[in-house]
Amino acid sequence: MEPVLAIVIGSLYAAGLYLMMRRNLVKLVIGLVLLSQAANLLIFTAAGLRSKHAPLVPPGEAQPVGDFADPLPQALILTAIVIGFGVIAFTLALFHRAYQVIGTDDLDEMRATDT
Amino acid sequence: MRSIILRSATRYLFPIIILFSIFLLLRGHDEPGGGFIGGLLAATAFALYAIAYDVKSARAMLRADHITLIGVGLLLATGAGIISMLVGDPFLATQWVTLNVPGVADVKLGTPLLFDIGVYLVVVGVTLMLVFHLAEE
Amino acid sequence: MTLTVSFQIVPFTAMLTLNIFAIAMIFAMVRLLRGPSLADRVVALDLVAALAVGVIAVYAILTEQPMLLRAGIVVALVIFVGTVAFAMYLEKRAKP
Amino acid sequence: MFFELITCFLLLIGAIFSFIAALGIVRMPDLFTRMQAAAKTGTLGVGCTILAVATFFGDIGVATRAGLVILFLFLTSPIAAHMIARAGYISGVALWSGSVTDEMRDQYDPVTHHLSSEPRKKSDNDSQMLGM
Amino acid sequence: MRMFVANLFLALIWAMITEGFTIGQLGVGFVGSYFLLWFLRPLVGGSVYFLKMWQVVTFSIFFIKELIVANLRIAYHVITPSSFFKPAVLAVPLEEMSDLEATLLANVLTLTPGSFSVDLSSDRRVLYVHVMDADDPDAVRQQIKDQYEKPLLEVLR
Amino acid sequence: MNVILVLPVLLPLVCASLMLVLWRKRRAQRILNLASMAGMTIGGFVLLVLIYCNGIAVLEMGGYAAPFGITFVADLLSAIMVTAASMMGLVVAIYSLTDIDVRREAFGYHPLLQLLLMGVCGAFLTGDMFNLYVFFEIMLMASFVLLTLGGERGQMEGAIKYVTLNLISSAMFLAGVGILYGMTGTLNMADLADKVTEIEGPLLTALSMLFLVAFGVKAAMFPLFFWLPASYHTPPPAVTAIFAALLTKVGVYSLLRVFTLIFVHDPGTIHMIILVAAGFGMVCGVLGAAAQNEFRRILAFHSVSQIGYMLMGLGLFTVLSRSDSEETRLIVQAALAGTIIFVVHHLIVKPNLFLISGVVERLGGTGRLKDLGGFYVSMPLLSGMFIISSMSLAGIPPLSGFWAKYVLVRASLGLEHWLIAAAALFTGLLTLFSMVKIWAAVFWAPPPEYPLLDEHERDQAKRGLQPMILPIVVLAALIVVFGFAAGPIFDVAMMAAAQLMDPSQYVDAVFPIDEAATLNAAVDGDTSP
Amino acid sequence: MLLSVISGFVLACLAPWLQRVVGRGAGAVLATVPLGMFAYFLTFIGRIADGEVFHEQWTWAESLGVRLSFYLDGLSLLFALLITGIGTLIIFYAGTYLHGHEFRGRFFAWLIAFKAAMLGLVLADNIISMFIFWELTSITSYFLIGFDHHRKVARDSALQALLVTGGGGLALLAGLILMASVGGSMELSTLLNSGDVFREHALYVPILLLLLAGAFTKSAQFPFHFWLPNAMEAPTPVSAYLHSSTMVKAGIYLMARVSPAMGGTELWMILLSIFGGTTMVIGAYLAIQQVYLKRILAYSTISALGVLTFLLGLGASGAPGDAELSIYAAKAFGVFLLGHALYKATLFLVAGTITHETGEKDVTKLGGLSKAMPLTAIAGVLAALSMAGFPPFFGFLGKELLFEATLAQPSLVGVMTGATVITGILFVIVSCLVALRPFFGHAKETPKHAHEAPFPMWIGPALLAITGLLIGLLPAALGEPLIAPVVASVLGLDEPVELKLTLWHGINAALILGTIVLSVGVLAYFGHRYIMAVLGKVDFLLRIGPAMWYEKALAGMLDFASLQTRILQSGYLRMYLMLTVATTVGLVSYSLFQISEFSIIPEIPPTDQWGHLLYENLYTLIVAGLILTGTYGAVHSKSRLTAIAALGVVGYGVALLYIIFGAPDLAITQFLIETLTVILFVLVFYHLPEFPKISRPRERMRDLFVSVTAGVMMTIMVLLATGIEPREKVSDFHSAHSVDLGHGRNIVNVILVDFRAMDTLGEIVVLMISAIGVLALLKLKSRSKGEKV
Ligand code: NA
Ligand code: NA
């Protein structure tokens with residue numbers, strides 16, 4: 001299944017990046033969301049999809065039984081998801097505010113600080 | 001939202017979700033769940049409340065100020081780590097106490113629970129701060 | 001019938017069901033992309049979520065992990081909040 | 001064995017209803033008829049599947065949790081349907097041309113969010129509505 | 001009394017979700033939900049929790065039957081060409097009832113044959129319902145009142 | 001070690017949490033802020049001394065042995081960075097007393113500053129790849145908020161670019177970490193140093209490119225620097241100053257760390273890429289600055305070119321084989337030391353210039369050069385401080401910048417990298433040009449005919465200026481001291497460079513040889529933490 | 001020696017304070033210090049003349065090879081004497097010249113700092129400390145030249161001087177570093193002994209060019225001479241000091257200093273004599289075209305610097321040909337150096353006094369001042385005579401030796417002598433212009449009524465002029481002890497040389513040439529107006545001169561800078577993103593292409609397993625399809641809410657993948673986050689407008705290409721990662737010890753709150769910051785619109 005997921009990840013990256021390169025604030029943030037999904041899925045896949053069973057120790061056992069998914073990438077992704085959520089929330093508020101202050105959602109019109 | 005149906009549904013769904021979120025928080029160490037998931041779920045309940053009624057009543061329901069909630073949560077989580085330093089262990093080394101509660105079971109209490117509660121509070125506080133403030137715009 | 005037969009019938013049905021659910025999701029996806037109104041899309045999204053609960057349930061059977069139901073509970077409890085949010089948006093937008 | 005057959009049966013029922021819901025959402029002519037399909041059929045289809053989980057594991061704990069899922073599903077999905085329908089209606093989604101009647105037309109006041117119970121004869125009683 | 005019922009109800013839910021279902025868990029759940037209800041005072045005041053169990057059971061059976069019928073009918077509609085159904089939005093006048101009752105009625109209607117609730121009028125006197133077969137609107141209205149509204153109110157009161 | 005190693009992270013965290021609880025108590029927040037920064041600075045110095053005396057220090061968080069838990073590792077470079085960062089935090093905290101207005105204070109300026117420091121120090125200390133990502137995010141998030149705090153138009157525009165580009169880089173970092181874990185099954189940097197050797201060279205190079213870009217964006221390396229000139233000049237000067245001090249440095253630090261510890265298999269390719277980026281960065285940045293006409297924009301663009309200098313040392317670094325002579329070894333070591341010196345020098349000088357620009361903007365009402373003037377007459381002390389700082393930035397001896405530049409140029413000449421040396425020298429000249437441009441326009445030129453601030457506003461602005469001047473004077477003094485103490489500083493930098501050049505020191509500190517048995521036992525499940 | 005240098009810097013720091021305390025007499029007070037140093041250095045003359053050299057060493061940055069080491073030999077002693085001696089007079093002079101000036105304190109600070117730097121430069125033995133002092137002279141002179149900073153001209157001239165000399169300085173640094181690495185030492189005294197090592201080293205040419213770049217810019221050799229006249233914007237004492245004996249002579253000093261090591265090659269001789277020769281002719285030619293006193297002197301200074309460079313080119317140890325020749329040139333160099341310093345300082349000061357007293361600087365508007373200011377006039381005339389080369393002044397001696405040196409050359413005698421003769425004639429004209437024109441003839445109206453200058457302002461020039469005369473009269477007694485060690489230094493000889501300086505050494509070619517030059521020069525002075533008219537027609541030389549190139553280069557650099565910045569820093573975020581992504585793709589794929597064995601294409605299973613595989617994985621494929629469809633919807637949709645809905649589907653799909661591959665925690669979190677994200681999106685998007693269609697198709701195609709390439713790259717990376725299965729994973733430990741160490745059965749949660757709790761702590765901090773950020777963004781409104789951006 002890894003090749004399929006790899007293609008999904010690649011597509012998510014491509015779509016996310018493409019959206020971010022538009023002129024529009026909203027597309028930018030949607031692209032960001034896709035990008036963060038892509039990154040999470042990448043961690044998940046790169047570590048290997050070794051089982052369909054959750055990394056849980058059955059009651060009464062001292063160690064997990066049978067094959068089970070690698071728990072560490074899951075913990076990493078959980079952290080990354082939550083961080084991503086915070087970032088997206090902030091970005092949304094930023095864009096909201098930027099739209100209020102600047103009066104446009106066209107990124108091409110936001111060049112005053114560069115030149 | 002002025003939907004009567006939504007409002008009355010919210011009145012019975014809200015406590016259920018909160019209860020479930022606390023359950024997820026407490027059971028998260030053994031089964032899927034934990035501070036994040038619980039916190040997010042609780043926050044969703046409040047968000048629902050804010051949508052069905054309004055932000056003001058949702059705030060009133062929360063009682064505590066978000067910022068304080070976050071601060072306390074952060075202090076709890078950090079404190080859970082500092083406790084071990086008082087014993088001479090490294091930061092965030094977990095400490096466990098087993099309490100025997102008659103009739104229930106041996107309850108193991110550990111700093112990870114404290115930590116998770118801190119996480120829960122921070123997540124609730126933060127998410128609500130985001131939702132409420134954006135909703136008020 | 002022996003145990004082995006019965007052992008295979010459930011996984012087979014589950015697999016079949018799982019695939020049907022998945023295809024149903026794609027159908028819902030068609031509506032989501034077609035619209036025409038936002039409400040139509042939201043209905044489709046809501047259906048995808050509901051089907052996701054179904055998928056989780058079937059998968060719990062397939063892999064014999066009953067604790068996956070917990071995910072189902074959360075989805076059942078929570079997804080509609082998103083739908084409500086969409087509805088709120090639609091209503092607010094409808095203001096004259 | 002019996003429970004396994006029940007499980008299979010429930011699973012298949014669930015699959016079929018869910019599939020019909022999805023088909024309905026594609027085929028039905030307007031928002032409301034689509035929702036007729038999605039809101040019920042989807043709920044029942046998924047509900048059956050969850051019941052199948054309960055019968056499959058045959059464990060009381062699992063069963064209660066399955067019951068909870070169904071309960072929550074039945075509690076929330078009508079609400080969601082209501083919300084979308086209401087929002088769709090308010091935002092001006094047109095009924096299918098084959099619809100017989102629409103008794104809710106002009107009953108909603110977008111300013112006060114008031115939904116009247118009296119059939120409105122005149123369309124110029126906004127001021128009266130505002131006063132309420 | 002009312003609070004006690006609510007409390008017990010929550011405790012039960014607690015015991016159900018924690019798979020052990022022991023007396024101990026029930027006790028923990030009771031204490032926990034006691035505090036929860038205390039916390040939710042502004043919300044739960046004035047609600048009715050006492051349910052007549054046998055009415056619940058009868059209605060539930062009826063409800064499940066209707067649910068299946070509804071689904072079959074929709075399935076029929078989905079598969080057949082659209083000319084066979086005549087949808088409409090109807091205004092169904094309601095008895096005097098509480099918000100919760102109206103909500104439950106609306107939900108039940110949504111989950112049962114060929115109808116779902118679009119909205120409740122602000123004064124709770126009319127429920128607007130979308131139905132699939134509205135050849136005779138008044139008959140549909142009456143059917144809704146007889147088959148759903150009345151038994152549901154009996155269960156709840 | 002238990003306390004002192006975690007202090008730079010823990011102290012700001014606790015203080016920030018307390019500040020949240022004391023959200024409306026402005027005075028308490030200020031005091032807490034200063035106290036925390038002072039504590040961190042002291043802690044940083046203690047750490048530095050300890051590391052200097054005892055070698056690399058390691059703290060296993062949660063008591064879990066190295067590759068399994070998260071490990072904090074402080075080598076000399078980390079300790080230097082932590083100390084310098086804390087010191088800058090303190091200095092900026094003092095400056096902020098006047099520069100940051102009440103509104104910003106009411107919306108969390110103080111806790112944000114604390115958390116920025118926490119993120120930065122954490123990034124310097126952590127020995128775990130994913131944990132580094134987390135600290136990066138803390139730092140970034142805090143910088144996002146500090147950048148937008150105030151909500152003015154320029155801030156918004158700058159922030160959008162800053163945020164977006166940094167998020168892209170974070171996504172790449174995350175991807176890199178994920179792939180690295182997939183290939184090696186570990187996240188601990190020391191463990192990675194060991195495990196990556198099993199990966200095919202070009203593949204590892206490809207992977208390292210993800211890190212290069214991810215850290216390169218944070219470090220504002222050419223051609224990934226766009227966010228910096230777009231955003232640095234938009235927030236209040238205190239914020240710009242702390243940004244200039246810390247943000248890019250973390251990127252440079254991370255580059256130094258991973259490209260001396262983990263990705264050392266193919267220095268030919270990687271370091272040539274870095275060297276090219278360094279060269280172009282220097283020239284493009286300094287040319288960009290030459291084209292600017294606003295105080296802080298000039299300074300911002302210069303950062304790009306100075307990042308080039310910092311990367312130059314890393315680019316010159318090569319993994320030495322046994323056949324290399326002692327002389328070559330020393331030159332390479334000096335190149336790394338040059339980078340370290342440059343980082344520390346820049347960490348002091350650039351913020352000071354931003355702080356000065358803050359005073360100028362406050363009194364002049366603008367940062368545009370053509371609307372400023374007369375400060376040489378009206379503010380002689382400030383002028384002196386500017387001369388010291390700007391001349392140091394331009395690499396005029398005997399100030400700090402000269403030594404940094406000298407060491408790097410000498411190393412590049414020693415390794416016969418003529419072009420990069422020429423670029424470095426040329427950049428120095430243009431830097432001087434820009435600094436003199438500011439000097440001539442702001443300090444020498446007569447005051448503008450129609451000042452933007454009237455008498456009253458000017459008097460208003462002049463009130464409470466001491467907390468702004470004091471840090472400037474302190475930093476200028478540091479610059480001078482740095483210049484005269486160049487010898488000892490170079491010695492320390494050489495020690496730090498020696499540690500970087502010999503990754504086994506780092507690895508051995510994380511996995512002590514005599515504890516190898518314990519480690520194996522831990523895997524088998526015999527020990528508890 | 002250290003003390004003499006350091007005390008200068010300390011004094012500089014104290015000067016503003018002293019100025020405030022002492023007030024009027026500050027100049028006199030401050031002048032005592034350099035006077036003391038002058039006296040101190042005088043004591044060395046005897047021993048240096050005996051061939052002794054003095055070393056002094058202080059540690060500084062030992063590991064960097066930098067020491068505060070000093071080295072006193074003939075060359076540095078002469079310079080040290082000039083710096084301190086003339087410095088004393090200048091400071092004394094300036095005290096009065098700038099009397100009442102608002103910033104006299106700062107002026108003294110810079111001037112004294114400059115003096116200290118200059119002293120350090122000529123005394124330094126360590127090359128880096130020499131460079132440090134070198135740069136300090138550039139910087140301090142910048143502040144001196146731009147001292148009248150309220151005038152734009154002054155600021156620009158200062159900048160010009162700084163850029164030219166600073167640029168040369170950087171070349172010098174490179175040259176010095178290379179020199180040190182070739183010679184294996186950081187000490188000049190050591191390096192100078194290994195001349196053959198340098199001359200035969202592969203790096204000889206670059207080193208020489210770099211050093212000369214430093215020296216030529218500093219000493220205003222053609223084509224870098226243009227900054228020097230502009231530097232006349234400085235107050236006159238500064239000009240007098242910088243251009244007679246110090247700043248500009250630093251380059252000369254450098255060349256003289258390194259000549260034992262670097263000199264004597266063909267290249268050295270050619271470069272120095274060509275550049276020096278050109279400079280001396282052009283400088284002198286330009287001098288007589290000027291009308292302002294100080295500019296005339298400035299150009300003549302350039303010319304003199306050319307002469308000195310020219311002489312250094314001719315005289316250096318190891319030169320091809322006769323050693324005697326080298327000594328001739330070196331002797332001429334030493335004499336000319338001293339002579340020039342004395343008379344040029346005098347003339348500058350006199351010019352300053354004239355302008356100070358009359359308020360007029362145009363020489364054509366001055367005349368007959370000898371009556372009003374006789375003492376100044378005497379000093380001026382004495383100095384001018386020395387400059388023109390009249391016996392018995394020291395300048396005469398210099399000129400004689402110059403002619404002798406050129407005449408003695410084995411080749412190109414004609415060209416060289418011609419150049420010196422022309423320069424000599426022009427020098428005479430210049431002398432007449434600056435000393436005869438203002439003082440004699442009939443008096444003219446001036447803006448201020450002229451009076452004799454106060455004592456501090458005439459004593460300096462007078463002393464200097466008289467010194468020039470005295471040394472001229474007694475060359476063997478006064479000149480030789482100074483000059484002979486200089487010659488030894490320049491030629492790198494250990495033993496002092498016999499010089500035999502005499503005013504009269506019979507009638508020879510040099511004397512005849514000298515006489516011709518003098519008479520032609522005096523005649524030419526009287527025909528000055530006509531010559532000028534003729535020369536005015538070939539004036540284009542000035543206009544296309546290097547000054548124009550400087551302007552053009554500066555403007556071009558700035559144009560290029562803004563062009564480059566407009567392209568790179570265009571302000572378009574999408575360009576930035578595109579470039580960033582393209583860079584990544586470029587770097588990664590460059591590395592990937594080097595992989596020899598590409599094993600990313602997964603093994604294709606045998607066909608008979610396909611059905612089974614499809615059966616096993618169909619749902620995963622469909623979920624993947626769901627995600628792709630959702631992604632397509634998010635990219636393609638015209639409405640943002642549709643995009644959000646599509647995004648929701650992507651989220652649900654990913655959550656299902658998490659379920660499928662055993663990550664229920666992730667799935668739950670993903671569902672929750674998805675819901676909350678939708679809420680946030682809806683809340684925010686409510687206020688934002690719908691998508692306008694604004695991207696151009698070509699840009700879209702480009703972006704599509706870049707992003708798809710990036711996607712492909714990521715796919716490949718993931719495949720590569722999944723292709724490698726690590727032998728052991730740290731998570732094995734986590735799984736094994738979740739229960740006994742972590743007391744929990746959910747391994748993911750145990751990792752989160754126990755094994756890797758630090759991550760989690762960090763993560764809630766991130767969340768918290770984002771909450772503060774949102775709060776601040778939404779609640780903290782800008783004070784007013786249109787405020788500073
Ligand atoms: Na892998
Ligand atoms: Na793998």
Side-chain angles (χ1 to χ4, degrees), chain F residues 61-62 64 67-70 103 107-108 115 131 134-135 137-138 141-142 144-145 148-149 151-154 161 164-165 168 179 182-186 202-203 205-206 209 213 223-224 226 229 287-288 290-291 396-398 410 413 425 428-429 432 436 440 444 446 486-487 490-491 523 525 528, chain G residues 60-64 132 135 139 149-150 155 159 162-163 166-167 170 174 177-178 558 561-562 564-565 569 573 576 579-580 583-584 587-588 591-592 594-595 717 720-721 724 726 728-730 733 736-737 741 755-759 762-763 765-766 769-770 772-773 776-777 780-782 787 789:
Chain F
M61 291 280 163
Y64 294 106
F68 309 124
I70 288 171
R103 303 169 322 124
F107 281 95
L115 294 171
N131 200 232
V134 172
F135 279 117
E137 292 299 300
I138 293 176
M141 205 63 219
F144 291 168
V145 182
T148 54
L149 202 61
E152 277 146 34
R153 177 179 172 143
K161 285 154 197 159
T164 311
L165 291 166
I168 285 273
I179 293 171
M183 290 179 175
T184 61
T186 188
L203 177 53
T205 309
M209 289 301 129
V213 172
L224 310 164
F226 312 108
L287 284 176
I396 297 298
R410 197 169 71 150
L413 290 176
L425 290 172
L429 181 63
L432 184 62
V436 168
W444 262 358
F490 179 73
D491 293 338
V523 179
S528 51
Chain G
W60 183 4
E62 200 62 38
S63 48
L64 286 160
I132 290 171
E135 287 288 87
I139 293 298
H149 52 81
H150 53 274
R155 300 198 295 270
L159 173 66
L162 183 64
L163 282 185
L170 292 167
I177 292 174
L178 286 177
L558 288 178
S562 18
Q564 174 230 264
T565 313
Q569 199 70 28
L573 177 58
Y576 299 167
L579 285 172
T580 305
T583 306
T584 319
L587 288 175
V588 173
S591 319
L592 283 180
Q594 327 224 321
I595 298 181
M717 292 300 285
L720 288 169
I724 298 173
E728 52 183 11
K729 288 184 166 184
V730 286
F733 173 88
H737 297 284
L741 298 183
F755 293 127
R756 295 183 66 88
M758 195 70 210
D759 283 346
E763 162 203 340
V765 170
V766 173
I769 302 172
S770 88
I772 298 180
L777 276 170
L780 176 56
K781 310 278 174 169
S782 177
E787 221 181 356
V789 172

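Note that this is a predicted model, so its numbers are computed, not measured. Note on naming: letters A, B, ... go to the chains in the order of the sequence lines (proteins, then strands), and numbering restarts at 1 for each one.
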Engineer: Rounded to the nearest 0.5 Å, what separates atom CD in G:Gln569 from atom NZ in F:Lys161?
Structural biologist: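 Nearest 0.5 Å value for the CD-NZ distance: 8.0 Å.
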Engineer: Residues two or more places apart in sequence or in another chain: which of them pass side-chain contact (heavy atoms from CB on, under 4.5 Å) with G:Ala174?
Structural biologist: F:Leu413, F:Leu425, G:Leu210
Engineer: Identify which part of F:Leu432 has an atom lying under 4.5 Å from any heavy atom of chain G, answering side chain, backbone, both or neither.
Structural biologist: side chain
Engineer: Let's test your reading of the structure: which of G:Val765, G:Ile769, G:Leu162, G:Leu777 forms the most heavy-atom pairs below 4.5 Å with chain F?
Structural biologist: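 It is G:Ile769.
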Engineer: Tell me, out of F:Thr205, F:Thr186, F:Val436, F:Asp491, who's got the most heavy-atom pairs with chain G below 4.5 Å.
Structural biologist: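 Between F:Thr205, F:Thr186, F:Val436, F:Asp491, the count favours F:Val436.
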Engineer: Under a 4.5 Å heavy-atom cut-off, does chain F meet the side chain of G:Ile139, its backbone, both or neither?
Structural biologist: side chain
Engineer: Tell me, out of G:His150, G:Arg756, G:Glu135, who's got the most heavy-atom pairs with chain F below 4.5 Å.
Structural biologist: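 That would be G:Arg756.
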Engineer: Taking only residues two or more places apart in sequence or in another chain, which ones pass side-chain contact (heavy atoms from CB on, under 4.5 Å) with F:Leu429?
Structural biologist: G:Leu163, G:Leu170
Engineer: Can you say whether F:Leu203 sits under 4.5 Å from chain G via the side chain, the backbone, both, or neither, judging by heavy atoms?
Structural biologist: both
Engineer: Is G:Val588 close to G:Met717 at the side-chain level, that is, under 4.5 Å between some pair of heavy atoms?
Structural biologist: yes
Engineer: If you count heavy-atom pairs under 4.5 Å between each of F:Gly428, F:Pro229, F:Ala486, F:Pro223 and chain G, which one has the most?
Structural biologist: F:Pro229
Engineer: Any non-hydrogen side-chain atom of F:Phe226 less than 4.5 Å from a side-chain atom of G:Leu579?
Structural biologist: yes
Engineer: How about G:His737 and G:Phe755: do any of their side-chain heavy atoms sit closer than 4.5 Å?
Structural biologist: yes
Engineer: Is any side-chain heavy atom of F:Pro398 closer than 4.5 Å to a side-chain heavy atom of G:Trp60?
Structural biologist: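 F:Pro398 reaches G:Trp60 side chain to side chain.
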Engineer: Using non-hydrogen atoms only, which part of F:Phe144 is less than 4.5 Å away from chain G: side chain, backbone, both, or neither?
Structural biologist: neither
Engineer: Please state whether the side chain, the backbone, both or neither of G:Gln564 comes within less than 4.5 Å of a heavy atom of chain F.
Structural biologist: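 Contact with chain F: side chain only.
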Engineer: Less than 4.5 Å to any heavy atom of chain G: does that hold for the side chain of F:Thr184, its backbone, both, or neither?
Structural biologist: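 Backbone only.
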